[in-house]
2 protein chains.
Amino acid sequence: MSGLAREDYLADIYRLQCERPKDPVSTGSVADRRGVTAASATAMFKRLARDHLIVYRNYGGVTLTPEGEDLALGVVRRHRLVERFLADVLHIPWQQVDAYADQMEHALPDEVVDRMEALLENPYTCPHGYPIPDKHGHLAQPHLVLLRDLPLGETVRVARVNERVPGLLPYIEELGLMPGSLLRLTGRNPIDLNVTIEAGGQEHILGLRVSEALWVEPTEAKG
Amino acid sequence: MSGLAREDYLADIYRLQCERPKDPVSTGSVADRRGVTAASATAMFKRLARDHLIVYRNYGGVTLTPEGEDLALGVVRRHRLVERFLADVLHIPWQQVDAYADQMEHALPDEVVDRMEALLENPYTCPHGYPIPDKHGHLAQPHLVLLRDLPLGETVRVARVNERVPGLLPYIEELGLMPGSLLRLTGRNPIDLNVTIEAGGQEHILGLRVSEALWVEPTEAKG
DNA sequence: CAAGCGTTTTAGACGCGGCTAAAACTCTTT
DNA sequence: AAAGAGTTTTAGCCGCGTCTAAAACGCTTG
Ligand SMILES: [Mn+2]
Ligand SMILES: [Mn+2]
Ligand SMILES: [Mn+2]
Ligand SMILES: [Mn+2]
């Protein structure tokens with residue numbers, strides 16, 4: 001079968017690739033994400049390249065091959081679907097489901113994943129707003145805007161919260177800014193890049209760390 | 001964390017211990033069950049003994065320590081609960097849930113297991129009739145009789161089917177003898193040890209391989 | 001353009017969990 | 001009591017996935 005570590009590497013490479021699709025993913029970024037040394041990442045890259053799952057150029061980072069991307073998408077699919085399942089069916093708080101899904105994503109047979117998907121009625125996203133690939137690896141890419149880059153005034157809907165920012169989810173919940181909630185950007189400080197928003201009748205000041213981790217979508221047709 | 005192989009060894013030692021609680025579990029029986037060589041089992045025994053999970057006497061087999069038994073019961077609990085979940089919630093056929101649970105049992109966080117248990121309303125047994133340990137490792141041991149040893153005439157309820165006998169489950173389903181069904185032992189051939197039963201208005205002849213794998217319980221108070 | 005610094009790779013080590021082949025043991029059988 | 005058969009252990013090997021320490025690389029900067 002797959003090998004736990006392999007799958008985590010592939011999925012992390014995929015996620016890093018998404019963040020900056022231009023250039024190859026560096027050894028260091030993968031090592032950081034995975035919490036291993038750069039030497040360990042290099043060793044894994046050699047095994048993955050040997051198995052044609054990534055293209056690895058010495059000192060030049062890695063890129064997923066089509067087969068590698070297929071596997072990565074499978075892991076991401078299992079991860080996000082099981083998150084949805086944990087949150088919606090077992091009522092586990094959304095702050096915890098990422099960690100649990102990280103454990104479970106490697107041990108779910110296809111049939112189990114497919115039945116979960118049916119039970120959940122084919123959800124589009126995980127509880128944090130990331131899209132769920134379908135069983136062929138296709139995934140919808142909606143047009144979202146980082147809160148950091150949102151123009152003032154418009155009322156928008158929170159669509160996605162970066163689940164990997166330490167401590168962010170409980171904070172977002174405290175502020176009532178979970179995916180689905182509405183907010184309006186009321187100000188932006190050009191010096192410290194703080195933004196001011198209005199949501200649920202309250203004003204909040206958010207730092208760059210937060211406004212860089214929140215994606216929103218327009219509530220009306222954009223014209 | 002736990003280590004996949006370790007957990008499977010511990011659970012298999014536990015299950016073999018249950019079958020013959022008298023004497024220690026032999027290297028060969030564990031190797032057979034696990035599908036590895038005896039040499040591999042010996043090597044694992046040394047690691048488990050080093051970690052005080054089993055008592056290992058050279059050429060004398062192994063026994064679980066209290067800590068080892070705790071861990072084993074945890075694995076068995078996760079296995080049987082997830083079987084119930086797969087069968088009852090995801091409607092996966094009972095012939096397949098054992099294999100799937102074998103994969104999943106190592107990756108289920110405690111909170112997930114506990115929530116599944118609550119969702120299922122604290123089931124007593126897995127879909128094949130084996131008892132589910134509670135979260136403290138306690139498990140009910142009902143008084144069951146092997147069909148092989150059942151006296152003639154009495155009408156009884158099927159309580160447990162050995163899920164590890166190759167090909168047995170589909171056969172049992174074909175005959176309509178799933179746990180919960182009623183049957184009556186109508187004859188026993190002392191030469192070949194075949195038994196004749198009546199169930200659902202039909203007569204069936206069952207070989208020893210089957211009658212040794214079916215447990216039944218009385219339907220009335222025994223007196 | 002050479003130095004220096006941060007990144008990456010190599011070298012060498014370790015524990016896990018598997019294997020094969022050979023040696024050691026135990027138990028039965030003559 | 002010795003032999004033989006079957007079981008178990010040892011010895012030696014391998015790949016995975018991690019580590020540390022040292023060497024190699026490449027990019028920026030004086
Ligand atoms: Mn993972
Ligand atoms: Mn998520
Ligand atoms: Mn297992
Ligand atoms: Mn079962």
Side-chain angles (χ1 to χ4, degrees), chain A residues 1-13 16-17 19-20 22-64 67-68 71-72 75 102-103 105-107, chain B residues 1-13 16-17 19-20 22-64 67-68 71-72 75 102-103 105-107:
Chain A
M1 292 299 152
S2 295
L4 300 199
R6 273 174 136 56
E7 290 195 340
D8 275 329
Y9 274 91
L10 289 172
D12 279 337
I13 292 167
L16 288 164
Q17 190 100 265
E19 289 175 19
R20 293 227 262 74
K22 329 183 171 259
D23 23 41
V25 176
S26 73
T27 304
S29 63
V30 173
D32 283 357
R33 186 69 77 100
R34 291 265 64 244
V36 299
T37 63
S40 301
T42 299
M44 180 59 87
F45 286 173
K46 290 184 174 174
R47 288 186 293 268
L48 293 174
R50 181 203 53 193
D51 299 340
H52 311 106
L53 301 174
I54 60 174
V55 174
Y56 170 46
R57 286 195 56 254
N58 245 248
Y59 294 98
V62 296
T63 312
L64 292 170
E67 307 100 281
L71 285 183
V75 180
D102 233 319
Q103 235 180 96
E105 66 195 355
H106 313 288
Chain B
M1 294 297 154
S2 294
L4 301 197
R6 277 174 133 55
E7 290 194 340
D8 275 329
Y9 274 92
L10 289 171
D12 278 337
I13 292 168
L16 288 163
Q17 190 99 266
E19 287 175 19
R20 293 227 262 75
K22 329 184 170 259
D23 24 39
V25 175
S26 73
T27 303
S29 64
V30 173
D32 282 357
R33 188 68 77 101
R34 293 264 65 242
V36 298
T37 62
S40 301
T42 299
M44 180 59 88
F45 287 173
K46 289 184 175 173
R47 287 186 293 267
L48 294 174
R50 180 203 54 193
D51 299 339
H52 312 107
L53 300 175
I54 59 174
V55 175
Y56 170 46
R57 287 196 54 258
N58 244 247
Y59 293 98
V62 297
T63 313
L64 291 170
E67 307 100 282
L71 284 184
V75 180
D102 233 318
Q103 235 181 96
E105 67 195 354
H106 313 288

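Every heavy atom of this structure was used, including side-chain atoms; hydrogens, water molecules and symmetry mates were not. Per chain, numbering begins at 1; letters A, B, ... match sequence-line order. Treat the numbers as computed from the prediction; the structure is a model and nothing was measured.
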Participant: Using whole Å, report how far CZ of B/Phe45 lies from P of D/dT7.
Facilitator: 15 Å
Participant: D/dT9 phosphate, OP1 or OP2: any side-chain N/O from B/Thr27 under 4.0 angstrom?
Facilitator: yes
Participant: Whole angstrom is fine here: how far is it from CZ in B/Arg6 over to C1' in C/dC16?
Facilitator: 9 Å
Participant: I want to check something: taking the side chain as every heavy atom from C-beta on, are B/Tyr56 and B/Leu48 in contact at a cut-off of under 4.5 Å?
Facilitator: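 B/Tyr56 does not reach B/Leu48 side chain to side chain.
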Participant: Just how far, in rounded Å, is C1' of C/dT7 from CZ of A/Arg57?
Facilitator: 15 Å
Participant: Run the numbers on A/Asp8 and A/Glu105 for side chain to side chain contact (heavy atoms under 4.5 Å, CB included), then give the verdict.
Facilitator: CA-CA 9 Å; A/Asp8 275 329; A/Glu105 66 195 355; 3.0 Å; yes
Participant: Does B/Ser40 make a side-chain N or O approach to OP1 or OP2 of C/dG17 shorter than 4.0 Å?
Facilitator: no
Participant: Which part of the nucleic acid does B/Tyr56 contact within heavy-atom distance under 4.0 Å: base, sugar-phosphate only, or nothing?
Facilitator: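 Sugar-phosphate contact only - B/Tyr56 comes under 4.0 Å of backbone atoms but never of a base.
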Participant: Which listed nucleotide (C/dT9, C/dT20, D/dG17) is nearest to the side chain of A/Asn58?
Facilitator: C/dT9
Participant: B/Ser26 has a side chain; which of D/dT18, D/dT9, D/dT8 sits nearest to it?
Facilitator: D/dT8
Participant: May I ask you to evaluate whether A/Tyr59 reaches the phosphate of D/dC27, defined as a side-chain N or O under 4.0 Å from OP1 or OP2?
Facilitator: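 No, A/Tyr59 has no side-chain N/O under 4.0 Å of OP1/OP2 on D/dC27.
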Participant: How many angstroms lie between atom NZ of B/Lys46 and atom CG of B/Asn58, to the nearest 0.5 angstrom?
Facilitator: 7.0 Å
Participant: Could you tell me whether the side chain of B/Leu10 reaches within less than 4.5 Å of the side chain of B/Glu7, counting heavy atoms only?
Facilitator: no
Participant: Using a cut-off of less than 4.0 Å, is there contact between a side-chain N or O of A/Arg34 and OP1 or OP2 of D/dG17?
Facilitator: no
Participant: Base, sugar-phosphate or nothing for A/Tyr9? Non-hydrogen atoms, less than 4.0 Å.
Facilitator: sugar-phosphate
Participant: Measuring from B/Asp12:CG to B/Gln17:CD, what's the distance to the nearest 0.5 Å?
Facilitator: 12.5 Å
Participant: Within the structure, does a side-chain N or O atom of A/Lys46 lie under 4.0 Å from either OP1 or OP2 of D/dC16?
Facilitator: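 So the side chain of A/Lys46 is outside the cut-off, no N or O lying under 4.0 Å from OP1 or OP2 of D/dC16.
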Participant: Given that B/Ala43 and A/Ala43 both sit by DNA chain D, which one's nearest nucleotide is further toward the 5' end?
Facilitator: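 Nearer the 5' end of the strand: B/Ala43.
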Participant: Would you kindly compare A/Leu4 and A/Ala39 by the position of their nearest DNA chain D nucleotide and give the one closer to the 5′ end?
Facilitator: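 Between the two, 5'-proximity favours A/Leu4.
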Participant: For DNA chain C, find the residues of residues 47-54 of chain B with a heavy-atom distance under 4.0 Å and give them by number; none if there aren't any.
Facilitator: B/Arg47, B/Arg50
Participant: Using a heavy-atom cut-off of under 4.0 Å over every strand shown, decide if A/Ala38 touches base, sugar-phosphate, or nothing.
Facilitator: base
Participant: Just to verify, what does A/Tyr9 make a ring-ring contact (aromatic ring centres under 6.0 Å, His included) with, not counting sequence neighbours?
Facilitator: none
Participant: Contact class for A/Ala41 vs. all strands (heavy atom < 4.0 Å): base, sugar-phosphate, or nothing?
Facilitator: nothing
Participant: Roughly how many Å is it from CE in A/Met44 to P in C/dT8, rounded to a whole number?
Facilitator: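 After rounding, the gap between these two atoms is 17 Å.
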Participant: Give the C-alpha distance, both sets of side-chain angles, the deciding distance and a yes or no for side chain to side chain contact (heavy atoms under 4.5 Å, CB included) between B/Asp51 and B/Glu67.
Facilitator: CA-CA 10 Å; B/Asp51 299 339; B/Glu67 307 100 282; over 6 Å; no
